[in-house]
Every structure is written in C-alpha cells, then in structure tokens.
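Worksheet: the structure to be examined is printed underneath.
Numbers here are sequence positions counted from 1.
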Amino acid sequence: MKNQLTHRILSWASIAFLLLFFPIYDSFSSSGVRWLLSLVVLITIFSSGALSYLGFKKGEKETNLLISSGLGVFALGIYFLRIYLEDLTLQKAGTSPVWVDSLREVLLVFLVLSVLGSVFLGILREWERSSFESQSSLKGRKQSLVRDFFLGTGILLLLLIVANYISVIRNRNFDLSSQGVFSFSPEAKKILKQIPDGGEVDVVAFYPRPLENAPSSDKSAALALRRIRPDLEILLGQLGSIHPGFKVKFINADVELDELADFGQVSNGNILLRYRKSGSTKGPYPEQKVSVKDKSELEDLERKLVQAFTNITTKERKVYFTQSNGERYSQVFQNLPNEKLTRLTAGLSFLNFKVEGLGFQNNWPPKIPDDAEFLVIAGPTVPFGPEARAAILEFCKKKKGKLLITIEQKGGENFDWLLEGAGYAFVKATLSQIPSQPGLVIAKSFRKHAIEESLSKKDNGVVFPYGGYFEPKAPKDPQAKDLDSYILLETGGDSYLDANSNGKQDAGDDKKNVPIALVLRSASQIGLPPAESKDANEAPSIPETRSEEEGRAVIFSGTSWITDQYLPYAANYELAGAASTWMYQDVSLPAIPPKKEEIETVSLTDGQKRAVWILGMFLFPGLIAGLGSIYVVRRRRVGESDEK
C-alpha cells in the first residue's frame, strides 16, 4: 500500500512539475535557481519512471507510466537543446548556419508532442489504477477511490489553470508563423536583455481596444489601429519575459484622458519607450516614440523598438555645442526666436545627452575638453582658424570623436578642409522646389542607412531651406583621402538650381538631384567592401562597426532646418535625433530580419493542369468506385459461404 502511494504521488507530481516547468523556468534570472528547478523536475520524472521499471521487472506492468516518464525526460532534453542552439546563434552574432533555425522549429514540434503525450499517458495510467482498485475493493472503498481520483484530477486541472495564468502573465506562446511575426528574434532578445542594473523601461502603447467606438471624424484611422492592437499585445507582452525591467501598458488616448498627464501631447498610433534609471524619482526621462499606424508597419516594428531601446538606455553622453565662430548656439542668435536651437537641445536631453556650450570660457579654440565625446558645430559664420581646424580633425580621426556639422550658406566656413579627406566639396547655391517658396526643398530621397531606418516620417521628407549641396571632388593628393564617405540624403529629382532665387525654374535653371547630407567615417573602414544589396537598383549600405573604434561625422549643407522655426516640420526632428544617436549605435539593424510573411506562389504548366484535371475527374473517382465494388463483392461471397 505504501509503495502504491509513493507511485501515485510521484506520478501526479511528475505531471504537475512538467506542466509548470516551462512557464516558471524563465521567471528566474539566476542560473543557480534555474539549475535547481531543472534538477528537481528531472529527478521527479525520472524517479516515477524508475519505480515503474522496477515494478515491471516484478510483474506489475505500468507501461503507460514508464513511457510517460520517458517522454517527459525527452521533452526536457529537447527544451535545453533548443536553448543551447539559441545561445550558439547569439554567440556567433547571427552568423550561425541556416539549418540551426530550421532545426529549432522541428524540435519545437517534438517538444509539444512529447509534453502532451507524457501528460496524457500519465493521466491514463492513474485512471487505469483507480479503476482496477475499485473493482477489487469493497463498496465503500470503491467510492473512496473514485472520489480520490476525481479529486486528484480536479487538483491537476487547478494546476493547469494556474500554469495557464502564469503563461498569460509571462506571455508564453509558441510562435509557429513562418517568419516569427509574433515573437522577437534571437538578435533582438540579446539586445533587449541589456537593461542597466536597477533600471526600468516603460513601454506605453496608445491604441484603442477592438470594440471601442472612435470619434466620428476619425473612424477609418481608428479601425486600422483597433485591428493591430491584438498583435501588438502579443508582441509587446513578451518584453516582460525577456527582462523583468520592461513594464508594458496600453492606453486609449481618445478615451482614457486621465492617464495622459505624465506623457504630454500624445495620440493613438504611437508606442512610447521611456527609461527610468535606478533610484530616479522624477523626470525628464530619456524617451522615444515609435509610430505604427498600419498592419504593414508591423514588419519593421521589431527593428524600430530595438533602435529606440538602444537610444534611451545608452549611458548619458555630454555633447558640446561650439559657440565662438558665430554658430546658432552662440549668444548672437539668442534674441532671434526662430534661429535658436532650443527645441533641438531639449530633444537631445530626452535622448540621454547632456548639452553644454563650448567657447572662450573653455579655452576654445583650440582646446577641446578631455571629456568631450560628441561635438555639434551648427552653422558657423566665421571661418575656423588653423589651430581650431587641426583640433577638430584630430578629435574625429585620432580620438575617434563624433561630429554633427551643419554648414551656413551665407557664412564664411565651408569645411572644405574636412570634406577634402572624403573626396567632396561644398557648393554654395540656391536650390528650389516649390515656386512660391524660393530656396526651400522637401528632401525625401534617403539612402539605405541605419539613420534612415529609424525614421517613421521619412515619407514626409525633410524641410530643408537655404542650403547648398555637395559634389564629388578628388583631392590633390590621393593620400589625403582618409575618410570614408556615404550619401545619406539627396534633394530628389524635383529640385532645381535657382540662379536668381526667384522661385521659378527659368531657362538656365537645370533640375538636379544633389547630395545635401553626408556620413563620414574615419580611416578604419577604408578598403572594406560595402555590404551587398539584394536589389540591384538599391545602393549598398556601409558596414556596421563598434562606435568606439572609429570617428564618425554627419554633415549637412544647410543649418536652418534644425532651428526652432523648421525643426517641428515633417521628419526634421527625427532626422536630427537619429543622426545624433547613430554616433554611438553599435546595433546592426540589418541583422534583425523584418517580420514579413512571404507567400510563395506556384504556377502550373498546361500539362500539369491537364494532369490534375484528369486525376480529379477520372482517376480518383474510378479508384473509389473500383475499391467499393471489390469490397461489396467480397462481402457478398463471405455471406454466401456462411449460409452454406
């Protein structure tokens, strides 16, 4: 009797432990606790199978329980094998063989089948045992055994409900879609796990619920947002299982107005990521918004979330704005509201940058502070002296510093001494695109780059007024080319050179698609081939490297686009922020595959169509009729032989 009680306890415990193991395992971040939990579950399942095997040798056959234990151990082995393959992929930075992902998908199927088989056979064995004991006991004992079985089954169902609740809270799900559209890729998980100790990331999604009514003026847009909210709930809900520092919340900005006090001006269709450091009690907090307003935009959502997460969780950087050569940050422009950079500096503070001026009080020029990592030179009107130029070049090329430069067309500084090393030169010219607004260009022609990938409003373009452009120019000394250059933004084919600045395309005003933004890198990348592009018409993107290993610079051929007057328009604010955060971006977004479901189409030839038609019209019906006839004839013969 005692031996049977032990068998029963181990049997039910192995079933419960196996079901609870998967949702609970990742709830612990300590590897020691994980190993202890795994060991307890494995010993329990193995002990149940061992007792079944010993009973089998004595003649007490418990085959179902033995197979159940074997399937349980097999399921645990598959689970840990999938974890090992995932870690192997992360260690190789996504360069592991393609067959690894396919193998993990196959193993997932065997894992689910093994768990279901183990649980089913374990319950079936307990049912058999209760039925056998009921047949060989007195009436009262029979009632007790039946009652105990149903009580045990009820407890197991309760445990299943608890396991399901934990799974919902921790957002456990098996993503069987072809591209994993409802889960994060291994590359993304590796990045998202790197929240600084004690820090938290609030992820607030502003979307209406599927059945909530929308304002009459915005019914069509609200319908699209209601459709994508369930998918977002599944995807964003997994952030808590990746790292407990993620706090996910959904708010309808049109209805739950009392919840918007802490978020300023927001609207539905946006996801806000806000980082709170350990011990931080008040803002402003580093934050960034990601816009998703249509189901098609879910394809690049994972990349955008990783980019925003990287931007806000990076350590605080000090950025210096030069102000001794008539730059926009200097005192000269403080009394000109439209020409100041107040909005730009405020936006950088939300991206974890600490802004400070660099002028005569800091012995500039030519001394750049030792703690300077990022230097912004916004539209100098007075040319830099030889010492200042040498200091800037040394800062970028030797000290691996970061530069954000905007050229003032009416100023005397054209930065040819910097552009020469990249094989470019600045051209002063008036570019127009809109007849009523001379000197204004709406630039939408972005090249493929990490900066461009993080822009949600790039289709709206960049309002770019009063700027010149860049043109290739080979240096006099070929050895002087020590910067790698890449075109980030062009004016587009609708812009033209407006010689007399009248806003009209006269006879001599030719249309030109010219570069207005360049990305420069120090010589560490010279000689490396560009990344290959699958599309022959698409420009190749330059390779990603560690930001500490190279100097980086983004230079624009105009300055007015970042002033308080134009920064709020179109994608201006996003471009300024993305160019600044890219200076320290080590994330290779191309390594994160887009969640795009590819539907393969199959085209049949005329011969194949004819064969399918013949099979469906003649062969299959004839086969069924023939087999049916054979069956009827054989049954009739058997009946006749029985009568004889």
For S291, enumerate each residue passing the side-chain hydrogen bond (donor to acceptor under 3.5 Å, both in side chains) test, keeping only those at least two apart in sequence or located in another chain. none

Partners meeting salt bridge (Lys or Arg N to Asp or Glu O under 4.0 Å) with R82 (sequence neighbours left out): none

A253: partners by side chain to side chain contact (heavy atoms under 4.5 Å, CB included), with sequence neighbours left out: F206, L260, N268

K354: which residues meet the salt bridge (Lys or Arg N to Asp or Glu O under 4.0 Å) condition with it, sequence neighbours left out? none

The side-chain hydrogen bond (donor to acceptor under 3.5 Å, both in side chains) partners of K458 (sequence neighbours excluded) come to E452

Going by side chain to side chain contact (heavy atoms under 4.5 Å, CB included), name the residues that satisfy it together with P369, two or more places apart in sequence or in a different chain. Y320, L358, D371, A372

Among residues at least two apart in sequence or on other chains, which ones pass salt bridge (Lys or Arg N to Asp or Glu O under 4.0 Å) with D202? R276

Among all residues two or more places apart in sequence or in another chain, which pass the side chain to side chain contact (heavy atoms under 4.5 Å, CB included) test with L351? Q288, F353, T581

Residues in salt bridge (Lys or Arg N to Asp or Glu O under 4.0 Å) with K457, at least two apart? none

Would you call the rings of F21 and Y79 parallel, tilted or perpendicular, taking 30° and 60° as the class edges? perpendicular

Going by the rule side chain to side chain contact (heavy atoms under 4.5 Å, CB included), which residues pair with V355 if we only count those two or more places apart in sequence or in a different chain? V319, F321, Y329, T345, L348

Derivation of the side chain to side chain contact (heavy atoms under 4.5 Å, CB included) call for L301 and V290: CA-CA 8 Å; L301 176 59; V290 175; 4.0 Å; yes

Applied to residues 111-123, the side-chain hydrogen bond (donor to acceptor under 3.5 Å, both in side chains) test, sequence neighbours excluded, yields S68-S118

Show every salt bridge (charged side-chain N to carboxylate O under 4.0 Å, His left out) that has at least one partner inside residues 236-247, sequence neighbours left out. none

Taking the six-membered ring of Y573 (Phe, Tyr or Trp), confirm whether the NZ or CZ of R343 is under 6.0 Å from its centre and within 45° of its axis. no

Can you classify the ring geometry of W561 versus F556 as parallel (below 30°), tilted (30 to 60°) or perpendicular (above 60°)? tilted

Walk me through it: do D231 and L235 pass the test side chain to side chain contact (heavy atoms under 4.5 Å, CB included)? CA-CA 6 Å; D231 293 344; L235 183 65; over 6 Å; no

Distance in Å, L375 CG paired with F395 CZ, rounded so as to fall on 0.5 Å steps: 5.5 Å

In this structure, are over 12 heavy atoms from other groups packed under 6.0 Å from F263 atom CZ? yes

